[in-house]
Amino acid sequence: MTISGLPSDAVLAPGGKALPFTVTIANPSPTTYADTSLVVSTGHCSCVDTPTGEAPQGTLQEWRPATGTWDNVRYVTEGTGMDFISRPQQTALSLGPHTSSSFTFRVRLNATQSTPVHEGQLMLDATLLSREQQLLSPSSAASATFRVAAH
């Protein structure tokens with residue numbers, strides 16, 4: 001799995017422009033990845049001073065090529081446990097042997113935040129899970145880091 005399309009100087013700011021990126025899932029195995037779930041989540045952020053360091057509030061949208069529109073999907077933040085993996089943005093998907101599939105998203109931080117946001121770094125994670133919410137393989141997860149500008 002890879003996350004691509006982010007510029008090398010990727011920056012998010014509360015109320016700023018959306019940051020597009022693509023998640024590509026590859027199935028290198030000879031068997032079908034059946035009934036899997038993709039979870040795109042924001043990890044902990046050094047840009048907030050809270051006990052859990054949970055990411056600032058935001059929105060996530062997925063590009064729908066069939067309709068030519070950006071549709072809102074669940075914006076998932078990682079907290080103190082692993083409950084974020086039970087919040088996929090899509091219905092279950094299957095991926096045949098030796099194939100891949102790509103999904104384009106964009107993330108934006110809300111202009112109004114419940115906690116002050118300062119300069120820091122935020123991790124973006126993508127995880128492909130089985131029906132039992134288990135990681136399919138070590139290559140079934142990817143992360144990207146970007147800078148958060150002050151609010």
Side-chain angles (χ1 to χ4, degrees), residues 1-48 52-111 113 117 120-149:
M1 177 177 302
T2 60
I3 297 174
S4 61
L6 290 167
S8 60
D9 60 345
V11 178
L12 274 179
K17 290 179 59 176
L19 190 60
F21 61 94
T22 299
V23 175
T24 301
I25 303 165
N27 178 0
S29 77
T31 60
T32 296
Y33 286 173
D35 202 14
T36 61
S37 299
L38 175 63
V39 179
V40 176
S41 55
T42 52
H44 297 273
C45 188
S46 63
C47 63
V48 293
T52 60
E54 204 167 300
Q57 297 156 333
T59 59
L60 183 68
Q61 295 179 310
E62 183 177 0
W63 176 251
R64 307 287 187 192
T67 61
T69 59
W70 289 100
D71 291 344
N72 289 328
V73 294
R74 185 180 292 158
Y75 178 78
V76 178
T77 59
E78 298 170 21
T80 58
M82 295 296 291
D83 58 331
F84 70 93
I85 65 172
S86 65
R87 302 179 67 208
Q89 283 89 3
Q90 304 168 327
T91 57
L93 59 101
S94 292
L95 193 60
H98 308 290
T99 61
S100 65
S101 190
S102 295
F103 305 92
T104 300
F105 296 92
R106 67 182 181 186
V107 63
R108 176 178 304 174
L109 298 181
N110 295 348
Q113 297 287 326
V117 176
Q121 286 195 323
L122 179 61
M123 182 80 73
L124 179 74
D125 298 315
T127 311
L128 186 66
L129 302 160
S130 69
R131 179 183 337 172
E132 297 80 24
Q133 295 181 341
Q134 299 295 314
L135 191 64
L136 292 172
S137 73
S139 63
S140 297
S143 297
T145 303
F146 48 89
R147 190 169 63 83
V148 175

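Note that the structure is predicted; figures quoted are calculated from it, not measured. Below, all heavy atoms of this structure are taken into account, side chains as well, without hydrogens, waters or symmetry copies.
- Going from atom CG of L124 over to atom CD1 of I3 covers 4.5 Å, rounded to the nearest 0.5 Å.
- Closest approach of L6 and A144 over heavy atoms only: CD1-CB, 3.5 Å.
- A pairwise comparison of heavy atoms in R108 and K17 identifies NE-C, 4.2 Å as the closest pair.
- Tested against F21 for a ring pair (Phe, Tyr, Trp, His ring centres under 6.0 Å), the candidates F146, F105, F103 yield a single pass: F105.
- No side-chain donor from either of T42 and T77 sits under 3.5 Å from a side-chain acceptor of the other.
- Residues L128 and S37 fail the side-chain proximity criterion, which asks for heavy atoms closer than 4.5 Å.
- The shortest non-hydrogen separation linking C45 to V148 is SG-CG2, 4.0 Å.
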Could you go through L122 and T145, starting from their C-alpha distance and side-chain angles, then the distance that decides it, and tell me whether this counts as side-chain contact (heavy atoms from CB on, under 4.5 Å)? CA-CA 6 Å; L122 179 61; T145 303; over 6 Å; no
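- In terms of heavy-atom proximity, S143 sits nearest to D125 at OG-OD1, 2.5 Å.
- For the atom pair OG1 (T36) and CG (L93), the distance works out to 3.5 Å, reported to the nearest 0.5 Å.
- Between the side chains of T67 and T69, at least one donor N or O lies within less than 3.5 Å of an accepting N or O.
- Not a single donor-acceptor pair under 3.5 Å links the side chain of S101 to the backbone N or O of I25.
- In terms of heavy-atom proximity, S94 sits nearest to A34 at OG-CA, 3.5 Å.
- Note that CD of Q61 is 8.0 Å distant from CG of D71, once rounded to the nearest 0.5 Å.
- Note that the CD atom of E54 and the CD atom of E78 stand 9.0 Å from one another [nearest 0.5 Å].
- Summarising the geometry, atom OG belonging to S100 is positioned 11.5 Å from atom CE belonging to M1; distances are rounded to the nearest 0.5 Å.
- Between P7 and L19 there is a side-chain heavy-atom pair separated by less than 4.5 Å.
- Here the NE2-OG1 distance, from H98 to T31, works out to 8.5 Å after rounding to the nearest 0.5 Å.
- Within the 4.5 Å cutoff, the side chain of P56 has no heavy atoms near those of the N110 side chain.
- Annotation for Y33 and A26: closest pair CE1-O, 3.9 Å, computed over non-hydrogen atoms.
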